[in-house]
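Notes to accompany the following structure.
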Amino acid sequence: GFILQSSGADQGLCLNLDDSTGKLTAALAKGSRMYVQGCTWDPRGLQASRETLLSAGVASRASIACLEADYLPYADNLINLVTSATWSGKPVAIEEVLRVLAPGGTAILGHDGNAGATAGLEAKLKQAGVKDIKPLSRKGWIKFVKPENPDFDTWTHNHAGADLSYVNQDKVAGPWEEVRWIGDPRWGALYAIYHGRVTAGGRLYYNENRAAIGGGIQTWLVARDAWNGCELWRTPIGSP
């Protein structure tokens, strides 16, 4: 509860570092609508941790992964919330946490058994360009938000901006290098048509036409997290 209340996060992807029992991962999933992955560097408790998720009824939105390296096996700018209740800076460094955090994403790190675990972290974060850093009510716990790249721009209208120019001021976008995420429906069915895509605030909005129950076509307005594709909400807006 403390982590979720402090973060204000409820949807998207959450990464819980160094969870050897699965209890915190289960609690994060149960208290939110997020997809939560816990990770551990100790394989001995892996099976018990996964059974904890099953017992909590959150196995459809939570998992436990065993890591072997000192880096996080996730794409850059992917995770909305990174947490750790046993933060020590080992084996994964704060630079890795910043790398996997999505712009605007939050990290909450601490260690109830070691109040000095986050000592010196604020200086490192400031050096990396992080400005939104706050100590939390629990001694030694810290919260910070990854800043957005000032060279990013948005696509707020169907044809880019109010001038309908198909051009914005983004200085980061370039030729595609990867498939970032894939959203349902995955196949190009006749009525699975997307249009009106706009993006701002780390979210992607679009209209989606699907075959309606009982016949005809239903149009939905859909919002997804732009960084990882998690569907945030959808609402029916009638027929095309």
Side-chain angles (χ1 to χ4, degrees), residues 4 7-15 25-37 53-54 56-63 74-82 100-106 146 148-149 152-170 172-240:
L4 290 175
S7 69
D10 185 56
Q11 289 179 274
L13 294 185
C14 173
L15 174 62
T25 297
L28 289 167
K30 201 158 191 175
S32 72
R33 293 176 289 172
M34 291 186 290
Y35 292 91
V36 186
Q37 181 156 85
L53 302 183
L54 287 168
V58 294
S60 62
R61 288 191 294 107
S63 60
Y74 306 94
D76 298 357
N77 303 318
L78 184 72
I79 311 294
N80 303 112
L81 175 63
V82 176
V100 302
L101 263 179
T106 301
K146 181 174 177 176
E148 288 195 3
N149 188 330
F152 288 159
D153 199 7
T154 55
W155 194 273
T156 55
H157 293 62
N158 196 28
H159 297 161
D163 58 356
L164 307 182
S165 64
Y166 285 98
V167 177
N168 67 3
Q169 302 303 314
D170 194 287
V172 180
W176 292 357
E177 296 179 348
E178 62 185 359
V179 175
R180 185 70 190 182
W181 48 263
I182 300 174
D184 291 328
R186 300 192 180 195
W187 315 116
L190 179 60
Y191 296 127
I193 301 171
Y194 306 95
H195 55 97
R197 293 171 292 276
V198 296
T199 180
R203 292 185 174 190
L204 178 69
Y205 305 88
Y206 58 89
N207 292 333
E208 177 183 301
N209 294 343
R210 288 201 192 196
I213 296 173
I217 305 172
Q218 173 71 62
T219 300
W220 300 80
L221 178 62
V222 184
R224 289 183 183 269
D225 186 280
W227 300 105
N228 49 51
C230 285
E231 186 173 306
L232 305 175
W233 51 259
R234 64 170 52 232
T235 185
I237 56 174
S239 64

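Index from 1, following the sequence. Bear in mind that the values here come from a model prediction, so they are computed numbers and not experimental data.
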4.5 Å side-chain heavy-atom contact, Val222 and Glu231
yes
Using a cut-off of 6.0 Å, state whether more than 12 heavy atoms not belonging to Trp233 lie near its atom CH2.
yes
Is a side-chain donor or acceptor of Asp10 paired with a backbone partner of Ser32 at a separation under 3.5 angstrom?
no
Measuring from Trp181:CH2 to Leu13:CG, what's the distance to the nearest 0.5 Å?
11.5 Å
Between NZ on residue Lys146 and CG on residue Asn77, distance to nearest 0.5 Å:
4.0 Å
Using a cut-off of 6.0 Å, state whether more than 12 heavy atoms not belonging to Leu164 lie near its atom CG.
yes
Only residue of Arg224, Arg197, Arg234 satisfying salt bridge (Lys or Arg N to Asp or Glu O under 4.0 Å) with Glu208 is Arg234
Short question: side chain of Gln169, backbone of Asp153 - any donor-acceptor pair under 3.5 Å?
no
More than 12 heavy atoms of other groups within 6.0 Å of Glu178 CD
yes
Given 3.5 Å as the limit, does a donor-acceptor pair link the side chain of Asn168 with the main chain of Ala160, or not?
no
Report the relative orientation of the aromatic rings in Tyr166 and His159; use parallel for angles under 30°, tilted for 30 to 60°, perpendicular for over 60°.
parallel
Indicate yes or no: at least one non-hydrogen side-chain atom of Asn80 is less than 4.5 angstrom from one of Met34.
no
Check whether any side-chain N or O of Gln218 sits under 3.5 Å from a backbone N or O of Ala211 as a donor-acceptor pair, and report yes or no.
no
Kindly give the heavy-atom pair with the smallest separation between Gly183 and Tyr194, and that separation in Å.
O-OH, 4.3 Å
Spatial distance of atom CG (Asn228) from atom OH (Tyr74) [nearest 0.5 Å]:
12.5 Å
Is a side-chain N or O of Thr154 found less than 3.5 angstrom from the main chain of Thr156, in a donor-acceptor match?
no
Interatomic distance, Leu15 atom CG to Leu78 atom CG [nearest 0.5 angstrom]:
9.0 Å
Closest approach of Tyr205 to Ala200 (non-hydrogen atoms, all atoms of both residues):
CE1-O, 4.2 Å
Could you state the interatomic distance from CH2 (Trp220) to CG (Asn207), rounded to the nearest 0.5 Å?
12.5 Å
From Thr25 OG1 over to Leu53 CG, what is the distance, rounded to the nearest 0.5 angstrom?
6.5 Å
Exam field: side chain Arg180 to backbone Trp227, donor-acceptor pair closer than 3.5 Å:
yes
Run through Leu81, Leu101, Val82 and flag the one making a side-chain contact (heavy atoms from CB on, under 4.5 Å) with Thr106.
Leu81
